[in-house]
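Values in this document were obtained by computation on a predicted structure and should not be read as measured data. Numbered from 1 within each chain, the chains take letters A, B, ... in sequence-line order.
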Amino acid sequence: MAANQSVTYVEAINQAIKEEMRRDEDIAVWGVDVIGDFEVTTTLGILEEFGEHRIMDTPITEEGIVGLAAGAAFAGLRPIVTLMHASFVPLALDALFLKLGCNYQEWGYAFQLPVVVMTPVSSGIGMGADLALSPEALVVHSPGLKVVMPSTPYDAKGLLKTCIRDDYPVIFMPHLGLYNDNKQEIPADEYTIPLGKADIKRKGADITIVTYSRMVLTALEASNRLSEEGIEAEVIDLRSLVPLDIDMIAASVKKTGRLIIVHEAYKRGGFAGEILFRLIEKAPELIKTLKHDIKRLTAPNISLPHTAYLEKQMIPQVEDIFRTVKEMF
Amino acid sequence: MAANQSVTYVEAINQAIKEEMRRDEDIAVWGVDVIGDFEVTTTLGILEEFGEHRIMDTPITEEGIVGLAAGAAFAGLRPIVTLMHASFVPLALDALFLKLGCNYQEWGYAFQLPVVVMTPVSSGIGMGADLALSPEALVVHSPGLKVVMPSTPYDAKGLLKTCIRDDYPVIFMPHLGLYNDNKQEIPADEYTIPLGKADIKRKGADITIVTYSRMVLTALEASNRLSEEGIEAEVIDLRSLVPLDIDMIAASVKKTGRLIIVHEAYKRGGFAGEILFRLIEKAPELIKTLKHDIKRLTAPNISLPHTAYLEKQMIPQVEDIFRTVKEMF
Amino acid sequence: MIEQVPKDILQKMYRDMVTGRKLDEFFLKLAASGDSDKDVPHRGAGEEAVVVGICANLRKDDYIKVTTRTRHCLTAKGMSIKDVLATKSYRDQRGVGGHCNYYDHEYGIIPYSGTLGEDVMVATGAALAAKLRNTDRVAVAIYGDASGNRPSIHSSMVFASAWKLPIIFVIQNNQYGMGTSVRKSYAIEDLSDRAKGFGFPGKTVDGNDVLEVYEVSKAFIERAREGNGPALIAAETYRLYGHYEGEGQKYRPEGEAEEWSKKDPLPRYTKQLLDMNVLTKSDIEKLDHEIEAEIEESMNFARSLPKWKIEDYHKNCIAEL
Amino acid sequence: MIEQVPKDILQKMYRDMVTGRKLDEFFLKLAASGDSDKDVPHRGAGEEAVVVGICANLRKDDYIKVTTRTRHCLTAKGMSIKDVLATKSYRDQRGVGGHCNYYDHEYGIIPYSGTLGEDVMVATGAALAAKLRNTDRVAVAIYGDASGNRPSIHSSMVFASAWKLPIIFVIQNNQYGMGTSVRKSYAIEDLSDRAKGFGFPGKTVDGNDVLEVYEVSKAFIERAREGNGPALIAAETYRLYGHYEGEGQKYRPEGEAEEWSKKDPLPRYTKQLLDMNVLTKSDIEKLDHEIEAEIEESMNFARSLPKWKIEDYHKNCIAEL
Ligand SMILES: Cc1ncc(C[n+]2csc(CCOP(=O)(O)OP(=O)(O)O)c2C)c(N)n1
Ligand SMILES: Cc1ncc(C[n+]2csc(CCOP(=O)(O)OP(=O)(O)O)c2C)c(N)n1
Ligand SMILES: [Mg+2]
Ligand SMILES: [Mg+2]
């Protein structure tokens, strides 16, 4: 076994794509400005290594980026396509929902449809309303789409490799706010992480914090502060929203007796409601034994503004989690 | 007071639009084939009465239909625009979510944005996957959008008139499957119904069925059968999803001790989760006193097929509600 | 012109047109009999020449997506009558398409999209794959005049032109989208001008003349196959029936349908073939019977297959995620 | 040509260009000082002639939407420097736009959309309202070359042409969208050809020549005002800076930026005005100081206003629904 290596989140993503492209010639990448070197770029060096038949800058036509991927997969490619910000999911939602999510189900998996749509959430980092949407609720609602939102370099790499090998569509949503901040030791040897398995990022017996993506880090920070006050939070990182690891959530809540769900997306119709309903379906008796009512912390039902310092305040902060959890004791 | 009149659902909608257009010259209507006489038409006779400056057939460009409405409202019109099927919501979602839902909030309501987007749900009536989406979860997630889904001619007319008078965007979603089926006596005199007030369509003490749109009728039918078995269901018709009348839901559930939520939309990420979370936030203690765990009945997380007889079976049926409710006793 | 077209192609096109026509009529019966859903048929009889003329230039491994109104012409691309009818009556064991939605991976038939125009991007994606995989396959995307204004089609043109993709866009201009005349939704007289804005060639053809469709599409398809990029064909034809059966059609100027029905492509082509002695009257009668028999037989075969059941459909979707 | 342009318009355009240039520079300072968010500035210096030349033909009650890169030119449409700077520093009491997002209902300034191109539909809607309400207002939608491929813009063109709406589409072709050369995203050489596909006139102009922009847009705007429908202008200019400040710009061929910077529209126009004696050197110096002073003063005024607080923003949204 080779030694570990220390990588950023964006490097982990870049490695996953390149490793898979080496393994499988049918993989091709396209998206707006995937070749050049910008803050959003995850695909540096691919042109140099694989040539221009494997990576292409597209015209700014998000609908087309995804729509073409469906057809290219129908015709034998395994596209990895990018939308520069997850805020562009609405622009391509027909293609995502109907072409990728629904149509192949109808056709009985008579053909495979191996497409990865990679699109970073850019919420809470001062991008302004139009670019700051965390749109997971929109794709989670679609039949047939898997939805993956990693929080660490290790997870990002292992999950993305699994997504790329999946024979059916996956929406992979990293978080732009994590790209360069947190280096992590990851194995130099190949590894993959299965979808549908959540990860306990911190063990604790007093309360379960269910979250995903960047909010995992926020929750961990809050948990450290809570620990100083004698409250030990268990932080569950969902990693994939679809499939959802409801078993792990139920087991943890059974243990702690308290649950708070945290996400960056707008509250109304956000993913928290789905988690809650799944929990009740999974463990109907559990809810009566809880020591406190279930809470959610999310962006409010108010447009994120084009104002970095305000926008940041609208996303759950360490302080918000800390305070809300404390109030639950 | 004039006598009552007996109207179909589609006639009620047609009356609401015409009455408001008489009242307010700034109202104009556009959409694909709004002038001719098709199964989807709600706007017959408007051309004849108001002329071609007030109603226009558009090119098939749903994105444009909604996007233009935002600009026209900015510039002083009060557009009522249609998307022929609610399945087209994904096509226009950027305009709905960002231009209508978010942007005016940011600008501090410095200007009004009076737009009604009218788009019928065409689910469960054999239209095939692509046209059968019940997309309320997609718009409910947007800040700043009201969402209205009436179940009867009386409600459709009274609610739509309120929507048209609203100075901010409303998504009005009638159900195509109701257009011609159920005549109802409604007042000949003008009336409006406020948004945010649910309606108890059937009183009962044993279980609360929360639903909206066409499923209200299905629930009522099931309730009649349940009544024969000694179970009296209370059927709450939400009428508007945003704003949500959580008070009425909580009061009813407090009374009955049992709750089932029914909708036509896909289960995962559907509106049921939001209702549940709002209920827990509103009345956290209530959940521990329930006589049975909360259920939801929805379309499964599987694409509706292009096969009328299969598609219909995928939407909750009278029999499904009947059986599921019975199991809760 | 007709003299230069190989006889077997002339005959194939004739068979395809007749098959299409007879299937369109058969679909009506099927809907009435309850053997397919009682969907409201969107008839396409009289518009066969477009698909048929184009398909005569396509290989089995090329890709195509047609409109819902011309699904009766899919045998021209190779799909068997058996598969068409099995799909139509929800007995195709591969999937539950049916109604207006057909698919045949083997023959490169891309499912139609109920949200009009979105399938054109899918076809363009197939063309991209054809290119990136170093094949000489081409893709054809046929869509209606009204659909031609969908943004997804413009996006397809943007990609196809910027990347020189092997795709032929075809506007099946039957003069109406539901009740809206094509004159109201376009400011250009000649719909093939749309290509000028994107930088590739376009040409308008008499869509009721299968030979003209054949010739023009042949040139464009060869050009695309050789790596020279996309083209647009605007094929002028006419929707002889209502948008769906039973709709009032008040929007039609008087006499218009009658005028156009004189240009019905099938009798017109039949006459040409007779004049040229490519076919005799008795050939034609024989073929008529042959195809009718094949349709009957295929339907009987289809009936022997199980109709999709909801449980099977659920199973077929592998697992709810 | 320049001789026929009224002197007050020549002067207005000069003032607008200088104001734009100085604001662009001021924005940089502001970002560094922390008085606006530390956003990464998208500089637009060198591209002022397009907005300025067009706005010289617009009335207060006309509508316009510009690109994020040319927000520094908004005073040309009438927005005050005060309001620009109040917005930029999040102190505009009407709303929390800021960053790249400006709005001024009074001057018909339509907010920019971060999802590029979607705002062009909004501008087209304003044109529709102008027409339906029987006014003679026009709308102008300015967007970048890369944005020009967005489907929302094609949809806007479909509506504008079919309904003859009073809107002028303007491609601010600065040769790049992020790192992608315009040559890679279009198959047409002359971007104004895009109009041909939709059936309205288009013209390419030297976007660094404010007088040419003025003349061509004048004709198109008058035409639109008279009810003759839309037009497209492709204005050739150049993005002298990176997509955002600090980005490596490796995609630029050597020498290209240097070549283009010789064509900077401001010195060019200054020279023309001096040659013609419309302005003297001392006028220019005076104006320079005047504008700088106005910017300082406006910023001081802005600083006297409260910055938006999160509570106020919540309140401002009236009620969570
Ligand atoms: C995106 C979208 N908008 C509207 C419709 C409703 N619709 C179904 S068929 C049709 C007319 C299509 O006309 P055209 O493209 O000319 O094809 P034709 O019916 O003439 O074959 C319309 C508007 C739809 N299915 N999809
Ligand atoms: C729909 C959409 N896709 C992609 C982006 C990301 N993006 C921001 S600016 C830009 C380049 C725009 O180029 P152009 O339109 O030429 O304007 P310029 O920056 O040159 O002024 C891109 C791709 C976006 N904001 N919106
Ligand atoms: Mg048509
Ligand atoms: Mg540019």
* If we only count heavy atoms from C-beta on, is the C:H314 to B:P300 side-chain gap below 4.5 Å? ->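 In contact.
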Looking at side-chain heavy atoms only, is the closest gap between C:T204 and C:L191 below 4.5 Å?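 With C-beta onward as the side chain, the pair stays apart.
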message: Heavy-atom cut-off 4.5 Å, strictly under: side chain, backbone, both or neither for C:K250 against chain B?
response: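 Answer is side chain: those atoms of C:K250 sit under 4.5 Å from chain B.
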side-chain contact (heavy atoms from CB on, under 4.5 Å) partners for B:E49, two or more places apart
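Listed in chain order: B:K18, B:R22.
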Parallel, tilted or perpendicular: which fits the ring planes of C:H154 and C:F198, with parallel below 30° and perpendicular above 60°?
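Parallel, since the angle between the ring planes stays under 30°.
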Please verify the inter-ring angle class for B:F88 with B:H85; under 30° counts as parallel, over 60° as perpendicular, anything in between as tilted.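 Geometry flag for B:H85 against B:F88: perpendicular rings.
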Q: Could you tell me which of B:P59, B:G36, B:P90, B:S87 has the largest number of non-hydrogen atom pairs under 4.5 Å with chain C?
A: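 Maximum pair count with chain C is reached by B:P59.
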Open item on the list: Under a 4.5 Å cutoff for heavy-atom pairs, which residue among B:I60, B:L131, B:D57 has the most contacts with chain C?
Closed with: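 Heavy-atom pair counts peak at B:I60.
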Item to check | Engaged part of B:L91 at the chain C interface, taking heavy atoms whose separation is under 4.5 Å | outcome: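 The side chain, not the backbone.
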Does any backbone or side-chain atom of B:S303 lie under 4.5 Å from a heavy atom of chain C? Answer side chain, backbone, both or neither.
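Both backbone and side chain.
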Hey, mind stepping through B:E63 and C:R150 against salt bridge (charged side-chain N to carboxylate O under 4.0 Å, His left out) and telling me if it holds? CA-CA 9 Å; B:E63 300 78 344; C:R150 292 274 310 124; 3.0 Å; yes
**Asked** Quick one: does NZ or CZ of C:K184 land under 6.0 Å from the six-membered ring centre of C:Y251, within 45 degrees of the ring axis?
**Response**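 So C:K184 doesn't make the cation-pi contact.
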| query | Do any of residues 116-125 of chain C come closer than 4.5 Å to chain B, heavy atom to heavy atom, and if so which ones, in number order? | reply |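 Within residues 116-125 of chain C, near chain B: C:L116, C:E118.
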Note to self: Just to verify, which of C:E256, C:Q175, C:E47 counts as forming a side chain to side chain donor-acceptor pair (under 3.5 Å) with C:Y238?
What the structure shows: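 Result for side chain to side chain donor-acceptor pair (under 3.5 Å) with C:Y238: C:E256.
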